[in-house]
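Below: the structure, in structure tokens.
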Amino acid sequence: MELNSQGLKKREQWLDKGYQLGEYDREEVRALTRKNPLWIHFGAGNIFRAFQANVVEKLLNEKVLDRGLIVAEGFDYEIVEKMNRPHDDYSILVTLKADGTVEKKVIGSVVESCILDSANEEEFTRLKEIFANPSLQMASFTITEKGYSLVDGSGKLLASVEEDFKGGPEQPSSYIGKVASLLYMRYRNTDKGIAMVSMDNCSHNGDKLYEAISAFVKEWVANGLVEAGFENYINDKTRVSFPWTMIDKITPRPDASVEKILNEDGIEELDPIITSKNTYVAPFVNAEECEYLVVEDVFPNGRPELEKGGIMFTDRETVDKVEKMKVCTCLNPLHTSLAVFGCLLGYKKICDEMKDEQLRKLIEKIGYEEGLPVVVDPKVIDPKEFIDTVINVRLVNPFMPDTPQRIATDTSQKLAIRFGETIKKYEASDSLNVSDLKLIPLVFAGWIRYLMGIDDQGETFDLSPDPLLDTLTPIASKLSLEEDVNVEKIVEELLRNESIFGVDLEKAGLAEKVIGYLKELCAGKGAVRAALRKYTG
């Protein structure tokens, strides 16, 4: 069985092995898409193949859509060259469900793949044609938050960006510079609008995309490289929009156990590849069953009926509420809590942590008892049902090989949003008291205990990457599991750090509680387990 147009002509073979196949004429869809495209997506990674491409697959099968997706890859061209095109843009989606069942589906909705390379005349000309076409309604992005940044770690403009500011839209080399160039092509060739839709997992993502593109446009106008009207164009929401979105779906790197299932089915050439840019890609993607995509409904040139595929369209305020619900209370704080204590207790998988009675109670209390009372209900998703799904379906899924060590990455950058916002709402409330918070302070204490790099059995472990480790580990190194030390003096300054915790814990009245917990967590081997048992019971 070969994953390509020729191999999929043998439909019975695939159907006999339990694969879902497209029920539409793909060649007809391909021709219509090439002539009058609706949707181009930048970023050919796993989240796109598991989510957006699957939504379009569903809508093609249901005859809601008659055109498919075009994908463009601008970071790692080898994904298109070595994965998309050899398989005629087909991929396999393996949905790994919490009940242990597996759903296998061939995705054929991607009918053209492009390389975002302005130095390749053929590739860039094709992308210009797509953007110049009046039929195009949206360009979406999953290029990670880093993809929108125009500066390096020190805040200095990237060399490619600086060159593109001076060079103009003819042959830019930076990612966003090339996107801005394509948008300029649309400006010059059609009066039809377009939605530029960031679907990356970051707050106010539409603003990040707008700010990046706008920076190029302003420089080009100032340097006389484009007409002043182009700047007016991207600032006219009736012509170009930059919607906010909230996306949530776990799509881990292709797993060997899934590859084994597909190999046993007789599918050939499944070997994953590691590109020269260290991208790990395979002809298949494995994903959880749960998915959420909430989009601000501003589309100047219309849009496909994607709500029939489960995508939620609403206003900007509601997108913001959903984002805060997920990041500040209903998902991300639970993840971070499991990450901190999972590392201390020696766990290697999140799903295994969920079998631990104390850890499960910890996140249940943080979610339902401490977080839920301050959540603003966005209406499009019920917060309690969201937490129910997180705890009972998502985190327990044995097929999702996520690790506490991965989630513990950059924790110093996450605490302010994931817990600090809840504390602020308690402070502002007439009916809630900060002193009622018991488990969030325990997580703070657990994180400081984690920074010692010593687990609950007294064994050392490697801390996950974090930009503040050089600052934090010298503080944590003064703590001890074996001798009495002045915990208050060691951590008092840290606990006042608003940039880390979102609030000054001393002023909030929580510092004493965190210090008390930390003393208990440092009371020798087994102290972490003892504290969890004591405070989650």
Side-chain angles (χ1 to χ4, degrees), residues 34 37 39-45 70-82 84-85 112-134 136 138-144 146-152 156-194 196-198 200 208-235 239-240 242 275-277 279:
R34 190 171 182 89
W39 182 359
I40 183 170
H41 183 89
F42 292 86
I70 300 169
V71 69
E73 176 55 41
F75 171 71
D76 194 336
Y77 306 155
E78 290 178 52
I79 295 174
V80 168
E81 294 166 341
K82 296 182 177 179
N84 280 70
R85 290 176 179 172
E112 184 178 2
S113 51
C114 303
I115 293 172
L116 183 62
D117 181 5
S118 60
N120 186 320
E121 185 177 354
E122 182 180 353
E123 295 285 351
F124 208 54
T125 296
R126 174 57 188 146
L127 284 165
K128 287 179 178 179
E129 288 173 358
I130 293 166
F131 266 77
N133 197 315
L136 188 66
M138 61 188 289
S140 58
F141 300 79
T142 50
I143 60 175
T144 76
K146 190 184 296 184
Y148 307 108
S149 178
L150 309 184
V151 298
D152 61 20
K156 183 181 178 183
L157 272 182
L158 296 169
S160 59
V161 172
E162 194 167 11
E163 289 176 15
D164 289 349
F165 278 178
K166 298 172 184 174
E170 287 305 309
Q171 198 177 28
S173 59
S174 63
Y175 201 125
I176 297 297
K178 287 180 273 192
V179 172
S181 173
L182 294 174
L183 199 52
Y184 180 58
M185 175 62 61
R186 186 167 187 81
Y187 162 73
R188 297 194 67 185
N189 284 275
T190 177
D191 61 356
K192 294 292 186 181
I194 188 171
M196 305 291 286
V197 190
S198 169
D200 275 297
K208 289 179 170 61
L209 177 57
Y210 165 76
E211 287 160 7
I213 289 176
S214 179
F216 282 89
V217 177
K218 286 177 179 176
E219 289 292 329
W220 290 347
V221 170
N223 294 329
L225 298 167
V226 300
E227 306 92 308
F230 184 37
E231 188 171 1
N232 296 333
Y233 171 74
I234 69 155
N235 287 309
R239 303 183 74 188
V240 184
F242 295 86
T275 71
S276 58
K277 288 194 172 183
T279 307

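Here the structure is a predicted model, which means the values were calculated and not measured.
In this structure, CD in Glu162 is found 4.5 Å from NZ in Lys166, a value given to the nearest 0.5 Å. With rounding to the nearest 0.5 Å, the separation of CG in Leu127 from CD1 in Ile70 is 8.5 Å. One distance of note links CD of Gln171 with CG of Asp164; it measures 10.0 Å at 0.5 Å rounding. Once rounded to the nearest 0.5 Å, the distance linking CD1 of Ile213 with OG of Ser181 reads 11.0 Å. Between the CG atom in Leu116 and the CG atom in Leu182 there is a gap of 6.0 Å [rounded to 0.5 Å]. Taking OG of Ser173 as the start and CG of Asp117 as the end, the distance is 10.0 Å to the nearest 0.5 Å.
Inter-residue side-chain proximity for Thr144 and Phe75 is flagged as unmet; no heavy-atom pair is nearer than 4.5 Å. The closest side-chain heavy-atom distance from Val179 to Met196 is below 4.5 Å.
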Discussion item. Go through it in stages, so that I can follow the logic: the residues are Ile40 and Phe131, the test is side chain to side chain contact (heavy atoms under 4.5 Å, CB included), and I'd like the CA-CA distance, side-chain angles, deciding distance and then a yes or no.
Written reply: CA-CA 9 Å; Ile40 183 170; Phe131 266 77; 4.1 Å; yes
Worksheet item: Would Ile115 and Glu81 satisfy side chain to side chain contact (heavy atoms under 4.5 Å, CB included), going step by step from the backbone distance to the final call?
Response: CA-CA 9 Å; Ile115 293 172; Glu81 294 166 341; 3.7 Å; yes
Item to complete: Show your working on side chain to side chain contact (heavy atoms under 4.5 Å, CB included) between Glu73 and Asn84 and close with a plain yes or no.
Response: CA-CA 10 Å; Glu73 176 55 41; Asn84 280 70; over 6 Å; no
Worksheet entry | Worked check of side chain to side chain contact (heavy atoms under 4.5 Å, CB included) between Leu150 and Phe216 | CA-CA 10 Å; Leu150 309 184; Phe216 282 89; 3.7 Å; yes
Worksheet entry | side-chain hydrogen bond (donor to acceptor under 3.5 Å, both in side chains) between Glu78 and Thr279, intermediate numbers included | CA-CA 9 Å; Glu78 290 178 52; Thr279 307; over 6 Å; no
Item to complete: In sequence, state the C-alpha distance, the side-chain angles, and the governing distance for Glu123 and Lys178, and then conclude on salt bridge (charged side-chain N to carboxylate O under 4.0 Å, His left out).
Response: CA-CA 12 Å; Glu123 295 285 351; Lys178 287 180 273 192; over 6 Å; no
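Formation of a donor-acceptor pair under 3.5 Å by the Ser140 side chain with backbone atoms of Val197 is not found in this model. In this structure, Arg186 contributes its side chain and Asn133 its backbone to a donor-acceptor pair below 3.5 Å. For the pair Lys128 (side chain) and Met185 (backbone), a donor-acceptor distance under 3.5 Å is absent. Put simply, the side chain of Asn223 gets close to the backbone of Phe165: a donor and an acceptor are under 3.5 Å apart. Distance alone, capped at 3.5 Å, places no donor-acceptor pair between the Asp152 side chain and the Leu158 backbone.
Nearest heavy-atom pair, Tyr148 versus Ser198, reported as atom, atom and distance to 0.1 Å: OH-OG, 2.8 Å. For the pair Pro169 and Leu225, the tightest heavy-atom approach, listed with the atom from each and the gap, is CD-O, 4.3 Å. Of all the heavy atoms in Val221 and Ala228, the pair that sits closest is CG1-CA, 4.0 Å. Across all their heavy atoms, Ser113 and Val80 have their closest contact at OG-CG1, 3.7 Å. Here the closest heavy-atom approach between residue Arg239 and residue Thr190 is recorded as NH2-O, 4.4 Å. Smallest separation of non-hydrogen atoms from Ser174 and Val161: CB-CG2, 4.0 Å.
No donor-acceptor contact under 3.5 angstrom links the side chains of Tyr77 and Asn120, judged on distance only.
Among Tyr184, Trp220, Tyr187, Tyr233, the single residue meeting the side chain to side chain donor-acceptor pair (under 3.5 Å) criterion with Glu227 is Tyr184.
For Arg188, the CZ atom counts as loosely surrounded, since its 6.0 Å shell holds 12 or fewer non-hydrogen atoms of other residues, nucleotides or ligands. Environment of NZ in Lys146: sparse, with no more than 12 heavy atoms of neighbouring residues, nucleotides or ligands closer than 6.0 Å. Summarising the local packing, NZ of Lys192 is surrounded by 12 or fewer heavy atoms from other residues, nucleotides or ligands at distances under 6.0 Å.
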